[in-house]
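Excluded from the calculations below are hydrogen atoms, water molecules and symmetry mates; all remaining heavy atoms, backbone and side chain alike, are included. Computed from a predicted model, the values in this text were never measured in an experiment. Proteins come first, then strands; the chains are lettered A, B, ... in the order of their sequence lines, and each starts at number 1.
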There are 2 protein chains.
Amino acid sequence: MDNKISRGLEGVVVCETSISFINGKAGKLSYRGIPVETLASNSSFEETAYLLWNDHLPNRLELQELERKLREARELPREVLKVLFDLPKDLHYMDVLKTILSLIGALDWRNSKDLYETAIKITSILPTIIAYYYRYSNDLKIIPPNPSLNHIENFYWMCFENLEDEEFIEALESCLILHMEQGLNASTFSSLVIGSTLSDMYSCVVGALGALKGSLHGGANERVLNMLEEVGAINNVEKYVEESFKLKRRIMGFGHRVYKTYDPRAVYIKELLKSVITDHNDELYKYLKIAEKLEEILVNNPVKRLYPNIDLYSGIFYSYLGFPRKMFTALFALSRVVGWTAHVIEYTKNNRLFRPSSKYIGSMHKDYTPIDER
Amino acid sequence: MDNKISRGLEGVVVCETSISFINGKAGKLSYRGIPVETLASNSSFEETAYLLWNDHLPNRLELQELERKLREARELPREVLKVLFDLPKDLHYMDVLKTILSLIGALDWRNSKDLYETAIKITSILPTIIAYYYRYSNDLKIIPPNPSLNHIENFYWMCFENLEDEEFIEALESCLILHMEQGLNASTFSSLVIGSTLSDMYSCVVGALGALKGSLHGGANERVLNMLEEVGAINNVEKYVEESFKLKRRIMGFGHRVYKTYDPRAVYIKELLKSVITDHNDELYKYLKIAEKLEEILVNNPVKRLYPNIDLYSGIFYSYLGFPRKMFTALFALSRVVGWTAHVIEYTKNNRLFRPSSKYIGSMHKDYTPIDER
């Protein structure tokens, strides 16, 4: 056994995949060979999910079949509604998602043998949990799923009971497509480790939700907004950056383990945001300007260039659409669930239980001393 | 980046640890330098947990403090009881554990910042969830925690409302101590990956429970019993082994990823079992004899020696104590939770987010064709 420690498993190849490809140096990401920008511009959420799950874009029949399944699984079982609508109203959305999905999985044990079918059910149901908890915890009337709407329209509808802002919904769909898959990040890897024991798909996704909740993973765009708020005005940006370098304070929304240049998703979402944010008196327009200024300074930083990642603009974008900050990580989950489940399906076809090693640095022999001699 | 694929991460060292050491060739396992057999014979559940969490055996004051905390956290919050006692009675124990623990964590978000304190609370509460669901799902009266009892006595009490069989309880405690920690198996590794995002301890344990549920991990002793049942009589053992080799059917309870000789825990639990199983007319005594015969044949197998692992005898042992087969994996969790949480605490002190790589084998460029051309 090699005794080198692979910290964070950086650079360690754990499996083959044909789901997505990241070229970190060039700043490119493709799903099954198709650039994400193309998919964000042309494809629906359902089509893209089908592509990630199945390795080809669906024909009309295949798409209809998937859309039908996604629509049918949207409503929560009655026992689950009872639990959801009895929760305190100040919980973390990720805790709600995790608990309620785990409950749904517990009740569904007879019908969750098939990983792919279960992936579809889970993908269908996450938006409902999020929207219901949003409405319930804000004392708003619950809006049930509308079977005439597609996946993202329906989510928006369940949240806001409004379909007027068509360009918002379209932009949201593009943004979520960009979040759908990103290789073996920590949440996807969690679901893979759990899946490798041949556990069920609910357990994999519940584990991934727990990982996404972590502040080093899914919570970043929420913290970007807190930072923009702290900066407060475009004139403070330079000072904030200088101070951050001095204090070694991390500037949120910049840098990425894989991308060593512009994160292609950041570029795309910035344009999305600019296309929807028409009201220049809005507080969020000011935040956009602060973020752009930060980007300008940090990308041209002579010591170490820092490139914006997907989180720099996505938080402002979600806020402008009306989503509360507390919900951002759940929005991420709503989309990334496709990547998680696609990886579990792929990995378990050629499964190998994960069981890494550790280097023991403790004492080799310690005596068991009776308690009164300790 | 090295393009070799580390399947299942076998032999890949992901961190340093001083929690436990396995010598797979010699068949030895120690916790913090003390052989597990010594701990199983001399130490209590609480003492051993303290040792794993803190790197030394507790003195009397430290032990009292831990015992107090474990006692105080046993009862479930009222909102949680309501959900638990409204569940269907035919659920998988691991799904119940996962769901209820996730709910407890959701409600406890204000007080779960400290990983160690949360580890204690979770360890305290898992036995209650298991015992309550056992009693509830079997239409038995609920037995609340008894603060005058220690951790394992209290668990046994909540399950059976009986403390007469002292040697059973003592043997159970020894058996659970042997299950407490075993390096970076898949469930422990799941909790580490989740913890590496700086998520909360509940999320780590909920993820680990999902992994332990998998049939390649925690479910093995349940399947050993099914196998012993299938063999049925000691005279059938040789034929069963021959057939298994011919059909390439896996013989449950033998072989281990790490131990290449006797699993020291298997040796110990076999003796425990023999010490408690006094009724030789019991069906389970027959199973013990079948298991021993299997061991005799397989250890002396001229082609490939196969050594018994911990699961060969633990299932018979739990059955003899009166635990239903469906509960076995949950019993494992009740104990292994100490290892999971100890590793999360240790790893996050010198944290590095897990983010492995994969080898892309899909197509590099695919065109986005409109749906009618697919």
Ser20(B), part contacting chain A, at a heavy-atom distance under 4.5 Å | backbone

Tell me, side chain or backbone of Ile104(A) under 4.5 Å from chain B's heavy atoms, or both, or neither?
-> neither

Under 4.5 Å from a heavy atom of chain A, the part of Leu209(B) involved | neither

Could you walk me through whether Ser196(A) and Arg352(A) pass side chain to side chain donor-acceptor pair (under 3.5 Å), step by step?
-> CA-CA 6 Å; Ser196(A) 82; Arg352(A) 176 83 172 142; over 6 Å; no

Side chain / backbone / both / neither for Val206(A) at chain B, heavy atoms under 4.5 Å = side chain

To the nearest 0.5 angstrom, please state how far the CH2 atom of Trp53(B) sits from the OG1 atom of Thr48(B).
-> 10.5 Å

Just do the side chain to side chain donor-acceptor pair (under 3.5 Å) check on Tyr259(A) and Gln182(A) with the steps written out, would you?
-> CA-CA 11 Å; Tyr259(A) 295 110; Gln182(A) 172 77 349; 3.2 Å; yes

Give, as side chain, backbone, both or neither, the part of Pro370(A) having an atom under 4.5 angstrom from any heavy atom of chain B.
-> neither

Okay, Ile22(A) and chain B: the region with an atom under 4.5 Å from a heavy atom over there is side chain

So which part of Glu47(B) gets closer than 4.5 Å to some heavy atom of chain A, the side chain, the backbone, both or neither?
-> side chain

Considering only heavy atoms, which portion of Asn42(B) lies under 4.5 Å from any heavy atom of chain A: side chain, backbone, both, or neither?
-> both

Contacting region of Asp90(B) [heavy-atom separation from chain A under 4.5 Å] = both

Please state whether the side chain, the backbone, both or neither of Asn350(A) comes within less than 4.5 Å of a heavy atom of chain B.
-> both

Ring-face cation of Arg374(B) near Tyr368(B) (centre distance under 6.0 Å, axis angle within 45°) = yes

Select one option (side chain, backbone, both, neither) describing which atoms of Leu212(B) are under 4.5 Å from chain A's heavy atoms.
-> neither

Nearest-0.5 Å distance, OG of residue Ser102(B) to CG of residue Asp95(A) = 6.5 Å

Ser203(A) and Asp200(A): side chain to side chain donor-acceptor pair (under 3.5 Å), yes or no, with the steps?
-> CA-CA 6 Å; Ser203(A) 295; Asp200(A) 66 302; 2.5 Å; yes

Region of Glu346(A) that comes under 4.5 Å of a non-hydrogen atom in chain B | neither

Sort Arg257(A) into side chain, backbone, both or neither according to what part of it lies under 4.5 angstrom from a heavy atom of chain B.
-> side chain

For chain B, which of Asn185(A), Val96(A), Val83(A), Thr38(A) has the most heavy-atom pairs under 4.5 Å?
-> Asn185(A)

Contact origin within Ile19(A) toward chain B - heavy atom pairs under 4.5 Å = backbone

Please look at Thr188(A) and chain B and tell me whether the side chain, the backbone, both or neither of the residue comes under 4.5 angstrom of a heavy atom of that chain.
-> neither

Centres of the Phe332(B) and Tyr93(B) rings: under 6.0 Å?
-> no

